[in-house]
Amino acid sequence: MAATLPHQDLVAAIPRLRRYARVLTGEGTRADDLVQDTLARAWEKRGLWLAGSDLRAWLFTIMHNVFVNQRALARRDARNVSIDDPDASAAAWQLPVPATQFTRVELMETMQSVARLSPEQREVLVLAAVEEMRYEEIAAVMGIPVGTVMSRLSRAREKLRRTNGDAPLQLKVVR
């Protein structure tokens, strides 16, 4: 199976692959990485190449698909910001509208407080407050009972209130 790709044609295609990668990425280093990823993928899938068909066209198709997949992954990763990462840059927490300095400081303080919650509380809080999931949905996602979701969310909110110096909520009992 290792002999299915013609070695001389494969080596001869590398300069063309580099040129195409340079067009796709716009940068030499990223282009070289793309060529390497393309050749690795081609080697993995070498059994799919039909002997006698245009190897260069097959390699270019692979390169295009690898590039599109990498770009989609990069965009998805750029949208996902981990609140677990203490080194996450402040730029990752941008508001959709220009904020005042006070709003930015308040947001950063809130995110630091959320980061201090236990992972279980933080996950429930984010799913409820950011993703706007119902208790039942959170329970299904996490594989825990609804009562545990409610308890963790209550404790997370209370800890945030204490951390931010807010007084605990006083519930009035109406009889």
Side-chain angles (χ1 to χ4, degrees), residues 1-134 137-138 140-143:
M1 179 163 230
T4 58
L5 294 179
H7 181 73
Q8 290 179 339
D9 293 343
L10 189 63
V11 172
I14 292 174
R16 290 180 173 173
L17 289 171
R18 289 192 77 228
R19 260 193 313 273
Y20 184 50
R22 183 78 186 228
V23 168
L24 291 173
T25 64
E27 189 209 330
T29 304
R30 288 181 52 215
D32 289 342
D33 291 343
L34 181 57
V35 170
Q36 181 177 349
D37 292 343
T38 300
L39 292 172
R41 177 74 53 88
W43 189 253
E44 288 173 17
K45 305 293 183 180
R46 65 189 179 268
L48 299 176
W49 180 70
L50 300 173
S53 65
D54 187 359
L55 179 66
R56 185 180 56 96
W58 186 70
L59 292 170
F60 274 52
T61 302
I62 291 172
M63 178 176 284
H64 175 78
N65 291 337
V66 167
F67 177 73
V68 168
N69 291 342
Q70 287 175 348
R71 199 168 63 182
L73 182 63
R75 267 185 276 161
R76 188 174 56 239
D77 287 346
R79 287 192 310 254
N80 296 329
V81 178
S82 173
I83 62 174
D84 295 329
D85 184 5
D87 298 326
S89 67
W93 298 104
Q94 293 180 1
L95 297 177
V97 295
T100 62
Q101 184 175 1
F102 177 76
T103 305
R104 288 185 183 276
V105 169
E106 191 175 53
L107 177 62
M108 292 310 299
E109 288 175 352
T110 300
M111 294 315 302
Q112 289 170 353
S113 297
V114 169
R116 284 188 221 112
L117 294 172
S118 71
E120 296 83 10
Q121 290 176 349
R122 186 172 48 241
E123 186 175 1
V124 169
L125 180 69
V126 168
L127 290 174
V130 178
E131 299 300 328
E132 299 178 340
M133 294 176 110
R134 296 185 327 269
E137 294 171 322
I138 297 169
V141 166
M142 296 182 70

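From a predicted model like this one, the values you see are computed outputs, not experimental measurements.
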So L73 and N69, do their side chains get closer than 4.5 Å, heavy atoms only? no

Side chain to side chain donor-acceptor pair (under 3.5 Å) against S53, all qualifying residues, sequence neighbours excluded: W49

Of I62, L10, L34, the one forming a side chain to side chain contact (heavy atoms under 4.5 Å, CB included) with L39 is L10

Considering all heavy atoms of both residues, which atom of A31 and which atom of A21 are nearest to each other, and what is their separation? O-CB, 3.5 Å

One should read off an interatomic distance between R56 CZ and M63 CE, to the nearest 0.5 angstrom, of 12.0 Å

For the side chain of R22 and the backbone of R19, is there at least one donor-acceptor N/O pair under 3.5 Å apart? no

Tell me if the CD atom of E27 is crowded by more than 12 foreign heavy atoms within 6.0 Å. yes

Heavy-atom pair with the smallest gap, counting every atom of R30 and F67: NH2-CE1, 4.5 Å

Would you give the length of the straight line joining atom CD1 of I14 to atom CD of Q36, rounded to the nearest 0.5 angstrom? 10.5 Å

Could you name each residue pair satisfying ring pair (Phe, Tyr, Trp, His ring centres under 6.0 Å) that touches residues 4-32, not counting sequence neighbours? Y20-F60

Backbone of R116 reached by a side-chain donor or acceptor of R122 within 3.5 Å: no

Report the distance from atom CZ of R18 to atom OG1 of T25, rounding to the nearest 0.5 Å. 10.0 Å

With sequence neighbours excluded, what pairs up with R134 under the side chain to side chain donor-acceptor pair (under 3.5 Å) test? E137

